[in-house]
Student: 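What follows is a structure written as structure tokens; I'll ask about it next.
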Amino acid sequence: MNRKIVIAVVGCGYWGPNLIRNFHSLSDCEVKWVCDRDSKRLAHMKNLYPSVETTKEVEKIVEDKEVDAVIVATPVHLHHDLAKKSLEAGKHTFVEKPMTQTSEQGNELVRIAARKKLTLMVGHTFIYSAPVRRIKEIILDGDIGEVQYIGSRRLNLGLFQKDINVAWDLAPHDIAIILYLLGRSPVSVNCQGKAHIHKGIEDVTNMSLNFENGGFATIQSSWLDPNKVREMIIVGSKRMIVYDDNEPLEKIKIYDKRVETPPHYDTFAEFHYSYHYGDMYAPYIKQVEPLKVECQHFLDCIRTGKIPETSGMDGLRVIQILEASSLSLKTGGGRIEIDRNLGAVAAIA
Ligand SMILES: NC(=O)c1ccc[n+]([C@@H]2O[C@H](COP(=O)([O-])OP(=O)(O)OC[C@H]3O[C@@H](n4cnc5c(N)ncnc54)[C@H](O)[C@@H]3O)[C@@H](O)[C@H]2O)c1
């Protein structure tokens, strides 16, 4: 395809405008349509981007033969329907996270995209962020040794969602990053949480991911915290990484710290020697807006037919884990196994 890729964005509430701004800034695409059921949002977008056409009807977009790709940035309960319509109409499709509400829906989208040879990509934005990519390089270089544990905390006050709990809202980022860093999916999930504000919608959750070789990761998600926290700790057998996404410059700090188990010790003083304290350094990371990289990647995948780094299958893996977390919540934190073949989950009694 030598011409510009023509795209349409569905949903321009809080997040959609960021996608519109980034796609608009890329020279190899044209944002032709913006769709929202709220006319005030449409009028605002038209004011910012006079060249775009606006509509409340998604049908206008999927019926427009000029449109190559559709971006879905609506509330989650609409993702499956809108993405399915888009794929069925032969449009490459980008769906915001979490991709769907169930793994069955996710499976269906993956199958349609494969059958129709279309690009299906999910908005796991952090996979395109420079710090996350740098951490992956550090792990692959063997710099921190064997990864033993990852702990992630994503906390803030609000924004409360009506159709999903806090794990479905915030944890897709952490899950996507953890799967990317470790290069594998967990075998089981435990999750506990509580709904304080809206009945039945947990606003605080604690999730644990258990991996085949004994690997372990925890994810704390909250809409009820006075501080905005975006922190991930990656504990290696040789060194430890602290990734603080709120830090403006030094987002990654590598600590030359570890615990060494001495063969034996007789006194408390000797016991202390089993801790290794070394330097800390913060590698320079060039700042690029991850969303811009993500949008360009979607366009590149459409042109080349390459599978996106955050493909429909990656979206589905995250949905399976979230689905397992919801089942676990119902059992008060019971362990839920993930069936990677069927995309289904089964509770361990
Ligand atoms: N990748 C990220 O970092 C990131 C960050 C924030 C949100 N998100 C995701 O973006 C999506 C949207 O979240 P948000 O916070 O912008 O939600 P929002 O509620 O602020 O905006 C959703 C918009 O969709 C519109 N809408 C609802 N039904 C519609 C329909 N049938 N047709 C067209 N438009 C419709 C609403 O009017 C609203 O303007 C969610 O999936 C969310 O998880 C991703």
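Computed over heavy atoms, backbone and side chain alike; hydrogens, waters and symmetry mates excluded. For ligands, and for the atoms within them, numbers begin at 1 and follow the listed sequence.
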Student: With a heavy-atom distance limit of 4.0 Å, tell me whether Leu78 approaches ligand 1 through its side chain, its backbone, both, or neither.
Tutor: side chain
Student: Checking side chain to side chain contact (heavy atoms under 4.5 Å, CB included) for the pair Asp169/Trp223: CA distance, chi angles, key distance, verdict?
Tutor: CA-CA 10 Å; Asp169 183 34; Trp223 287 324; 2.9 Å; yes
Student: Go through it in stages, so that I can follow the logic: the residues are His124 and Leu179, the test is side chain to side chain contact (heavy atoms under 4.5 Å, CB included), and I'd like the CA-CA distance, side-chain angles, deciding distance and then a yes or no.
Tutor: CA-CA 11 Å; His124 293 161; Leu179 267 50; over 6 Å; no
Student: Could you see which bit of Val10 sits under 4.0 Å from ligand 1, with heavy atoms only: side chain, backbone, both or neither?
Tutor: side chain
Student: Do Leu87 and Ile307 belong together in a cluster built from hydrophobic side chains that touch within less than 4.5 Å?
Tutor: no
Student: How far is atom 44 (C) of ligand 1 from its nearest protein heavy atom, and which residue and atom name does that atom have?
Tutor: Glu96 OE1, 3.1 Å
Student: Provide the number and element of each atom of ligand 1 under 4.0 Å from a heavy atom of Gly123.
Tutor: 1 (N)
Student: Out of Gly16, Ala73, Ala176, Gly11, whose heavy atom is nearest to atom 12 (C) of ligand 1?
Tutor: Ala73
Student: Look only at interatomic distance and state if Lys97 has a nitrogen or oxygen under 3.5 Å from any nitrogen or oxygen of ligand 1.
Tutor: yes
Student: Heavy-atom pairs closer than 4.0 Å: do any link ligand 1 to the side chain of His173, the backbone, both, or neither?
Tutor: side chain
Student: Would you confirm whether Thr205, through its side chain, and Gly193, through its main-chain N or O, come within 3.5 Å as a donor-acceptor pair?
Tutor: no
Student: When you compare ligand 1 with Arg41, is there at least one nitrogen or oxygen pair between them that comes in under 3.5 angstrom?
Tutor: no
Student: Return the residue, atom name and 0.1 Å-rounded distance of the protein heavy atom closest to atom 40 (C) of ligand 1.
Tutor: Thr74 O, 3.5 Å
Student: Tell me, which protein residue and heavy-atom name are nearest atom 1 (N) of ligand 1, and how many Å apart are they?
Tutor: Thr125 OG1, 2.8 Å
Student: May I ask you to list the atoms of ligand 1 that are less than 4.0 angstrom from any heavy atom of Pro75?
Tutor: 22 (C), 24 (O), 27 (C)
Student: Regarding ligand 1, does Gln161 bring an N or O atom to under 3.5 Å of one of the ligand's N or O atoms?
Tutor: no
Student: Would you say atom 21 (O) of ligand 1 touches the protein, meaning some protein heavy atom is under 4.0 Å from it?
Tutor: yes
Student: Would Asp169 count as being in polar contact with ligand 1, using the rule that some N or O on each side must be under 3.5 angstrom apart?
Tutor: no
Student: Is atom NZ of Lys292 surrounded by more than 12 heavy atoms (other residues, nucleotides or ligands) closer than 6.0 Å?
Tutor: no
Student: Please determine if Asp225 and Arg153 form a salt bridge, counting it only when a charged side-chain N lies under 4.0 Å from a carboxylate O.
Tutor: no
Student: Among protein heavy atoms, which sits nearest to atom 17 (O) of ligand 1, and what does the distance come to when rounded to 0.1 Å?
Tutor: Tyr14 N, 4.5 Å
Student: Just wondering, more than 12 heavy atoms not from Lys116 lying within 6.0 Å of its NZ?
Tutor: yes
Student: So which of Trp15, Trp168, Phe126 gets nearest to atom 13 (O) of ligand 1, if we judge by its closest heavy atom?
Tutor: Trp15
Student: Heavy-atom count around Lys46 NZ within 6.0 Å, excluding the residue itself: above 12?
Tutor: yes
Student: Considering only heavy atoms of His79, which atoms of ligand 1 have at least one such atom less than 4.0 Å away?
Tutor: 41 (O)
Student: What protein heavy atom is closest to atom 39 (O) of ligand 1, reported as residue, atom name and distance in Å?
Tutor: Asp36 OD2, 2.7 Å
Student: Please determine whether side chain to side chain contact (heavy atoms under 4.5 Å, CB included) holds for the pair Val318 and Lys97, giving the CA-CA distance in whole Å, both sets of side-chain angles, and the decisive distance to 0.1 Å.
Tutor: CA-CA 9 Å; Val318 171; Lys97 62 83 202 162; over 6 Å; no
Student: Where do Phe298 and His92 land on the side chain to side chain contact (heavy atoms under 4.5 Å, CB included) test, with the steps shown first?
Tutor: CA-CA 9 Å; Phe298 180 55; His92 302 284; 4.2 Å; yes
Student: How about Asn213 and Arg184: does a side-chain donor come under 3.5 Å of a side-chain acceptor?
Tutor: yes
Student: Does only the side chain of Cys12 get under 4.0 Å from ligand 1, or the backbone, or both, or neither? Count heavy atoms.
Tutor: backbone
Student: Answer yes if the side chains of Glu231 and Asn246 hold a donor-acceptor pair under 3.5 Å, and no otherwise.
Tutor: no
Student: Which residue owns the protein heavy atom closest to atom 27 (C) of ligand 1, what's the atom, and how far is it?
Tutor: Arg37 NE, 3.6 Å
